[in-house]
2 protein chains.
Amino acid sequence: MNTKCMVIDKQFLQVSEQQLTNEQLLAAQAKALAHPARLRILSILVAVDKSGGCLNSDLVSELGLAQSTVSEHLRILKQAEFIIAEAMPPKMCYRINKKQFELFSTLFAELYS
Amino acid sequence: MNTKCMVIDKQFLQVSEQQLTNEQLLAAQAKALAHPARLRILSILVAVDKSGGCLNSDLVSELGLAQSTVSEHLRILKQAEFIIAEAMPPKMCYRINKKQFELFSTLFAELYS
DNA sequence: ATAGTTAATCGTTAATCGACGATTAGCTAT
DNA sequence: ATAGCTAATCGTCGATTAACGATTAACTAT
């Protein structure tokens with residue numbers, strides 16, 4: 001166990017613009033993930049994605065929340081690009097966007113490695 | 001591209017208590033990460049961790065935030081167990097807790113795989 | 001053209017968050 | 001015992017979030 005608790009060289013604390021930008025993005029993504037209902041939605045979309053389909057706001061009955069509330073959660077997830085919406089009027093088909101999951105994982109891993 | 005947008009079998013949507021618990025935890029962790037200043041703190045702590053030491057609220061000068069504000073961010077990160085506090089009176093030595101980073105990664109990966 | 005369906009948007013309310021200055025607590029060293 | 005640090009806590013304020021019901025928009029099918 002190291003007992004030192006001082007920064008010897010402040011050079012270590014240099015931050016690039018790129019890093020700050022990444023942190024901003026990562027924070028925004030984490031924020032989108034920071035709600036149990038939204039994780040529940042993602043989990044459901046992952047499950048139905050495997051079975052080939054996707055699903056609209058049957059999420060409402062599945063989550064037991066008001067339609068407008070679910071719609072708002074979907075908006076947030078869509079804005080963070082964790083999900084993709086496809087119109088099938090008058091329905092909406094939501095799918096997960098695995099690419100963004102991978103991006104998040106990558107950015108997070110960069111943070112502490 | 002699959003045009004189906006319906007769940008055939010609601011069995012797929014069965015959720016275990018364990019999964020719900022994991023989602024609660026993951027959401028709480030994500031919430032702790034969902035702020036640029038806190039990610040900045042973690043990044044700094046990772047950097048100084050490598051060089052053997054750790055650092056107290058020199059974070060204040062590094063972040064340009066009030067002492068009480070930084071203290072609050074540290075409290076949140078500590079509560080989420082992303083960092084560990086060690087008293088060196090009257091100073092406080094903060095370190096990152098890599099274990100928790102790994103746990104978060106794992107829980108997140110489970111979500112979408 | 002109208003009726004029906006689905007989801008987005010609006011407006012409201014209560015709760016939570018983020019930031020700050022000021023104060024307090026805890027510990028050391030004199 | 002007191003003086004001097006550092007960091008936690010308190011109290012406040014404005015901004016943001018989460019939830020809901022009600023309304024609107026967009027599109028189909030009759």
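Sequence lines set the chain letters: A, B, ... in the order given, protein chains first and strands last, and positions in each chain run from 1.
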Review point. Just how far is it from atom NZ of K98(A) to atom CG of D49(A), taken to the nearest 0.5 Å?
Key: 5.5 Å
Exercise for review: Kindly indicate, with the supporting measurements, whether the criterion side-chain contact (heavy atoms from CB on, under 4.5 Å) is fulfilled by I96(A) and F82(A).
Suggested key: CA-CA 6 Å; I96(A) 60 160; F82(A) 282 114; over 6 Å; no
Can you give me every donor-acceptor pair (side chain of residues 30-48 of chain A, partner residue at least two apart or in another chain, under 3.5 Å) with its distance?
residue : atom : partner : partner atom : Å
H35(A)  : ND1  : A37(A)  : N            : 3.0
R38(A)  : NE   : A32(A)  : O            : 2.7
R38(A)  : NH1  : H73(A)  : ND1          : 3.0
R38(A)  : NH2  : K31(A)  : O            : 3.3
R40(A)  : NE   : E23(B)  : OE1          : 2.7
R40(A)  : NE   : E23(B)  : OE2          : 3.4
R40(A)  : NH2  : S43(A)  : OG           : 3.2
R40(A)  : NH2  : E23(B)  : OE2          : 3.0
S43(A)  : OG   : Q19(B)  : NE2          : 2.9

Check your understanding: Where does the chain A footprint on DNA chain D start and end, counting 5' to 3' with a 4.0 Å heavy-atom cut-off?
Key -> dT17(D) to dC27(D)
Point to revise | Nearest-angstrom distance from the residue atom CG of L63(B) to P of dC20(C) | key: 11 Å
Exercise for review: Apply ring-ring contact (aromatic ring centres under 6.0 Å, His included) to F104(B) and list each qualifying residue two or more places apart in sequence or on a separate chain.
Suggested key: F108(A)
Exercise for review: Can you sort out the partners of K99(A) under side-chain contact (heavy atoms from CB on, under 4.5 Å), two or more places apart, ordered by chain and number?
Suggested key: N97(A)
Study note, to complete from the structure: Across all chains, not counting sequence neighbours, the side-chain contact (heavy atoms from CB on, under 4.5 Å) partners of L25(B) are Q29(B), L103(B), L107(B)
Check your understanding: By side-chain contact (heavy atoms from CB on, under 4.5 Å), which residues pair with A109(B), not counting sequence neighbours?
Key -> none
Check your understanding: Can you list every pair that meets salt bridge (charged side-chain N to carboxylate O under 4.0 Å, His left out) and has a residue in residues 66-77 of chain B, with sequence neighbours left out?
Key -> E72(B)-R75(B)
Study note, to complete from the structure: If each end axis of the helix from dA1(C)-dT30(D) to dT30(C)-dA1(D) is fitted on five C1' pair positions, the angle between them, to 10 degrees, is 20°
Check your understanding: Quick one, which residues of residues 64-78 of chain B touch DNA chain C with a heavy atom under 4.0 Å?
Key -> L65(B), A66(B), S68(B), T69(B), H73(B)
Point to revise | Partner residues of A28(A) under the side-chain contact (heavy atoms from CB on, under 4.5 Å) criterion, sequence neighbours left out | key: none
Check your understanding: Has the side chain of T21(A) got a donor or acceptor atom that lies under 3.5 Å from a matching backbone atom of E17(A)?
Key -> yes
**Study point:** Between C1' of dA19(C) and CG of L59(B), the distance in whole Å
**Key:** 17 Å
Review point. Is a donor on one side and an acceptor on the other found under 3.5 Å between the side chain of Q100(B) and the backbone of A80(B)?
Key: yes
Practice item. Give, ordered by number, those residues of residues 27-41 of chain B having at least one heavy-atom distance below 4.0 Å to an atom of DNA chain D; if nothing qualifies, reply none. Key: none
**Study point:** Nucleotide dT6(C), atom P - distance to NZ of K91(A) in whole Å
**Key:** 6 Å
Review point. With Q18(A), which residues qualify under side-chain hydrogen bond (donor to acceptor under 3.5 Å, both in side chains), at least two apart?
Key: N22(A)
Revision key, fill the gap. CG (L26(B)) and OG1 (T106(B)) are apart, to the nearest 0.5 Å, by 10.5 Å
